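To keep things clear, I will list the structure first and then write my remarks on it.
For ligands, and for the atoms within them, numbers begin at 1 and follow the listed sequence. Since this is a predicted model, take the numbers as computed values, not measurements.
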Amino acid sequence: MRKKIVAGNWKMNKTLPEAKSLLAEIDSYIQSNSSKCEVIVGIPFVYLENAKVNHKNLKVFSEDISEHKSGAYTGEVSAEMLKSVNVDGSIIGHSERRQYHKETDEQIGAKIKIALEYGLTPIFCNGEILEERKAGRHFDVVKKQTEVALFGLTAEEISKVIIAYEPVWAIGTGETATPEQAQEIHAHIRSLIADKYGKEVADSISILYGGSVKPSNAKEIFSKPDVDGGLIGGAALNINDFSALINTYSEI
Ligand code: PGA
């Protein structure tokens with residue numbers, strides 16, 4: 001059985017006291033309610049060193065990582081640095097990085113490779129923009145993103161990657177893909193991996209859905225056979241919504 005995962009992406013939100021208190025609330029929620037899924041929080045770089053959690057099912061991720069090992073890259077944070085403050089993994093290739101920082105699939109592939117080299121778990125984000133969806137190109141767009149960023153990896157390496165399908169038109173917009181739309185793309189991604197690496201590898205990889213997931217729609221989406229959880233922005237910023245999302249897996 002592949003892992004079910006509820007992952008939060010805090011983006012550029014929260015002060016240090018706010019970040020500490022939300023992390024402590026999530027940690028204690030998981031301690032007192034035996035969660036049926038793994039929980040990940042992607043938090044700003046500046047809080048990572050202070051992000052100490054107790055429960056083994058709660059993992060702390062960065063929201064990005066440098067594609068370079070070290071050197072003259074002002075403002076960048078390397079895999080080695082993240083490892084040295086005990087970070088578990090990194091969200092890589094989020095659509096906001098693609099859009100505002102012009103990250104390419106090649107760069108995203110390099111980031112995934114270096115994360116794996118340092119023992120960090122990558123969450124690889126893919127997903128089409130609205131124009132591409134309207135033109136019926138979403139399957140092709142996601143195929144190309146996945147092939148370029150992931151298919152240079154070995155079977156052993158790709159097995160350590162978490163994928164997050166996030167249609168850009170559904171991020172922060174309140175508009176969610178229907179559970180059927182999520183399922184068909186997730187199945188598509190899994191079949192691409194099966195064609196390249198075999199069914200066993202494809203069946204072992206967790207594929208999360210992201211884009212306006214909230215307590216009211218999570219159960220329907222997470223119940224689809226190829227959806228293994230969610231990458232959540234807005235609803236990850238308060239304990240009531242985020243704990244309800246974690247709890248979804250007690251009801252499926
Ligand atoms: P959202 O963000 O849940 O606020 O739509 C999702 C994401 O960007 O990962």
Side-chain angles (χ1 to χ4, degrees), residues 4-14 18-19 22-23 26 37-45 47-48 58-65 87-103 105 108 111-112 115 121-130 132-133 138 141-142 145-146 149 161-179 181-182 185-186 189 206-222 224 227-249:
K4 303 298 177 190
I5 300 167
V6 170
N9 174 10
W10 290 4
K11 308 190 178 183
M12 197 172 73
N13 290 294
K14 305 217 172 279
E18 291 166 349
L22 180 54
L23 200 58
I26 297 168
C37 58
E38 183 172 292
V39 180
I40 292 172
V41 282
I43 69 176
F45 284 130
Y47 304 141
L48 288 168
L58 176 57
K59 310 283 183 202
V60 176
F61 278 39
S62 66
E63 299 175 12
D64 184 32
I65 191 170
V87 166
D88 299 301
S90 296
I91 299 170
I92 297 179
H94 189 276
S95 66
E96 286 146 21
R97 302 291 315 169
R98 293 172 184 264
Q99 184 181 352
Y100 304 126
H101 302 274
K102 307 284 171 261
E103 285 189 17
D105 291 317
I108 291 162
K111 290 179 177 207
I112 290 168
T121 300
I123 298 181
F124 162 62
C125 304
N126 59 14
E128 80 285 355
I129 60 173
L130 185 59
E132 293 163 338
R133 164 69 61 166
H138 43 293
V141 168
V142 167
Q145 291 171 334
T146 306
V161 175
I162 299 166
I163 298 174
Y165 167 66
E166 300 204 300
V168 181
W169 47 271
I171 296 178
T173 58
E175 192 167 336
T176 322
T178 63
Q181 284 173 323
I185 285 265
H186 283 227
I189 296 169
S206 300
I207 307 179
L208 316 183
Y209 168 78
S212 300
V213 176
K214 38 188 184 279
S216 58
N217 60 22
K219 191 174 169 189
E220 248 196 309
I221 299 172
F222 294 178
K224 290 292 177 193
V227 178
D228 304 307
L231 179 57
I232 294 124
L237 293 175
N238 70 80
I239 188 63
N240 290 342
D241 284 347
F242 197 59
S243 60
L245 290 166
I246 296 168
N247 194 46
T248 306
Y249 273 110

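- Distances below 4.0 Å separate heavy atoms of Gly172 from the following atoms of ligand 1: 1 (P), 4 (O), 5 (O).
- Residue Ser212 places a heavy atom under 4.0 Å from ligand 1.
- A side-chain donor-acceptor contact under 3.5 Å links Glu128 and Tyr165.
- Where the criterion is an N or O separation shorter than 3.5 Å, residue side chain and backbone included, Ile171 fails it with respect to ligand 1.
- Two residues are said to be in side-chain contact when any heavy atoms from C-beta on lie closer than 4.5 Å; Ser62 and Leu48 meet this criterion.
- The distance from ligand 1 to the heavy atoms of Leu231 drops below 4.0 Å at these ligand atoms: 6 (C), 9 (O).
- Between Lys11 and Glu63 no salt bridge is recorded (no basic side-chain N to carboxylate O distance below 4.0 Å).
- Minimum interatomic distance between Ile239 and Leu22 (heavy atoms only, all atoms of both residues): N-CD1, 3.8 Å.
- Proximity of a side-chain donor or acceptor of Tyr100 to a complementary backbone N or O of Ser95 within less than 3.5 Å is not detected.
- Counting only N and O atoms by type, the side chains of Glu166 and His94 include a donor and acceptor under 3.5 Å apart.
- For ligand 1, the atoms closer than 4.0 angstrom to any heavy atom of Ala170 are 5 (O).
- Not one N or O on the side chain of Asp241 forms a donor-acceptor pair closer than 3.5 Å with the backbone of Asn238.
- The contact set between ligand 1 and Gly234, taken as ligand atoms under 4.0 Å from a residue heavy atom, comprises 1 (P), 3 (O), 4 (O).
- Every atom of ligand 1 is numbered from 1 in the order shown, and the set under 4.0 Å from a heavy atom of Lys11 is 2 (O), 7 (C), 8 (O).
- Set against the non-hydrogen atoms of His94, the atoms of ligand 1 under 4.0 Å away are 7 (C), 8 (O), 9 (O).
- Nearest protein heavy-atom contact of atom 9 (O) of ligand 1 is Glu166 OE2, 2.6 Å.
- Looking at atom 6 (C) of ligand 1, its nearest protein heavy atom turns out to be Gly233 N, 3.5 Å.
- Of all the atoms in ligand 1, the ones that sit under 4.0 Å from a non-hydrogen atom of Gly211 are 5 (O).
- The side chain of Asn9, and not its backbone, has at least one atom closer than 4.0 Å to an atom of ligand 1 (non-hydrogen atoms only; side chain from C-beta on).
- Of the possible polar contacts, one joining the Asp228 side chain to the Ile207 backbone as a donor-acceptor pair under 3.5 Å is found.
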